[in-house]
Amino acid sequence: MQPKPFENQLAEQEMACHECDLLVSFPELEPGSAAVCPRCDYVLTKRHQNAMERLLAFSVSGLVFLLMSALYPFLSFSANGQERVVTLLQSLDVLADEQQVLLALLIMVVILIIPAAFLMGVVYVIGGLKYGAVLPPYGRRVLRFILALAPWSMVEIFLIGTMVSLVKIASLATISLGMSFWSYIAFTVLMTLVLLHLDKVQVWSWVENSEY
Ligand SMILES: [Zn+2]
């Protein structure tokens, strides 16, 4: 792609509305402002304050909490004088033992592997742009990958599902929630914050600006 002259960066940008296809032009946005479609109020793009720093902080802490939720006990339940402590990975193991290997794999991919890959991709691309001032190797590919993964994040659905099951089990056994459970909640909040701050238009404009 031909690098744009510097003056063009400050000129008006044009974008088709994702919802109603109206062609909207708007000036370079200030941090904290957003471009909204005049016809249907769809938010075209948003500039967050300190977007890069926030994305990095949320992603790194999200990864730490995700790791903690994989390592520590998720919950323990006791019934009839017997107590059992379960970690996230053990619970998948139990599923695998019950001939539900495919389901166990699917859950592991959706609740652990995809979110981890997504957050690591964000740290890789944004960290490179922020501290190296250039897009790291394979940066475009990684960025396309994480932007494609973003809509597939189902961590909050998993959390809601877990809570519903907990309510059911609570009537059968005494449950105490472990460190992993609270870590997963913290991770879900951070993941949501990353998704809210990852504006497609903004990220690609960082990439273009880093290339000359
Ligand atoms: Zn519109």
Side-chain angles (χ1 to χ4, degrees), residues 1-63 109-111 113-130 133-136 138-161 185-212:
M1 188 191 287
Q2 223 22 40
K4 285 181 289 179
F6 181 68
E7 299 82 53
N8 274 5
Q9 264 188 72
L10 302 170
E12 298 232 316
Q13 307 177 33
E14 262 189 351
M15 221 181 126
C17 173
H18 186 70
E19 293 293 305
C20 73
D21 277 340
L22 181 71
L23 200 60
V24 187
S25 49
F26 50 90
E28 188 62 27
L29 296 173
E30 294 292 317
S33 62
V36 179
C37 172
R39 184 153 70 189
C40 71
D41 286 342
Y42 178 77
V43 178
L44 300 163
T45 175
K46 215 170 177 176
R47 297 288 172 274
H48 297 274
Q49 306 272 7
N50 307 320
M52 275 189 179
E53 290 83 352
R54 285 192 195 180
L55 273 170
L56 279 175
F58 296 147
S59 312
V60 172
S61 11
L63 277 169
V109 167
V110 172
I111 69 166
I113 296 176
I114 289 184
F118 173 79
L119 292 178
M120 283 192 270
V122 173
V123 173
Y124 181 69
V125 172
I126 307 294
L129 287 171
K130 166 90 183 136
V134 284
L135 197 64
Y138 303 106
R140 279 176 175 267
R141 232 178 261 184
V142 175
L143 185 54
R144 267 197 294 271
F145 177 68
I146 53 177
L147 290 174
L149 277 186
W152 292 97
S153 159
M154 294 192 187
V155 293
E156 64 286 359
I157 297 171
F158 168 72
L159 204 61
I160 293 168
I185 290 191
F187 153 73
T188 308
V189 171
L190 289 159
M191 179 84 176
T192 310
L193 284 169
V194 173
L195 289 168
L196 283 175
H197 280 77
L198 196 71
D199 185 284
K200 226 183 230 183
V201 181
Q202 163 91 91
V203 180
W204 281 116
S205 83
W206 287 334
V207 171
E208 272 169 27
N209 290 343
S210 76
E211 282 173 345
Y212 58 91

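None of these values were measured; they are calculated from a predicted model. When a residue number appears, it is its place in the shown sequence, counting from 1. Note that ligands are numbered from 1 as they come in the structure, with each ligand's atoms numbered from 1 the same way.
Rounding to the nearest 0.5 Å gives a distance of 8.0 Å between CG of Leu56 and CE of Met52. Between the CG atom of Leu198 and the CD1 atom of Ile146 there is a distance of 5.5 Å, given to the nearest 0.5 Å.
Heavy atoms of other residues, nucleotides or ligands lying less than 6.0 angstrom from CZ of Phe145 number 12 at most.
When all heavy atoms are compared, the tightest approach of Leu119 to Val194 is CD2-CG2, 4.0 Å.
With waters left out, the protein N, O or S atoms under 2.8 Å from the Zn ion (ligand 1) add up to 4.
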Exercise. When you look at Leu135 and Trp206, which way does the side chain to side chain contact (heavy atoms under 4.5 Å, CB included) test go after all the steps?
Worked result: CA-CA 9 Å; Leu135 197 64; Trp206 287 334; over 6 Å; no
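Considering only heavy atoms from C-beta on, Lys46 stays 4.5 Å or farther from Gln202 through its side chain.
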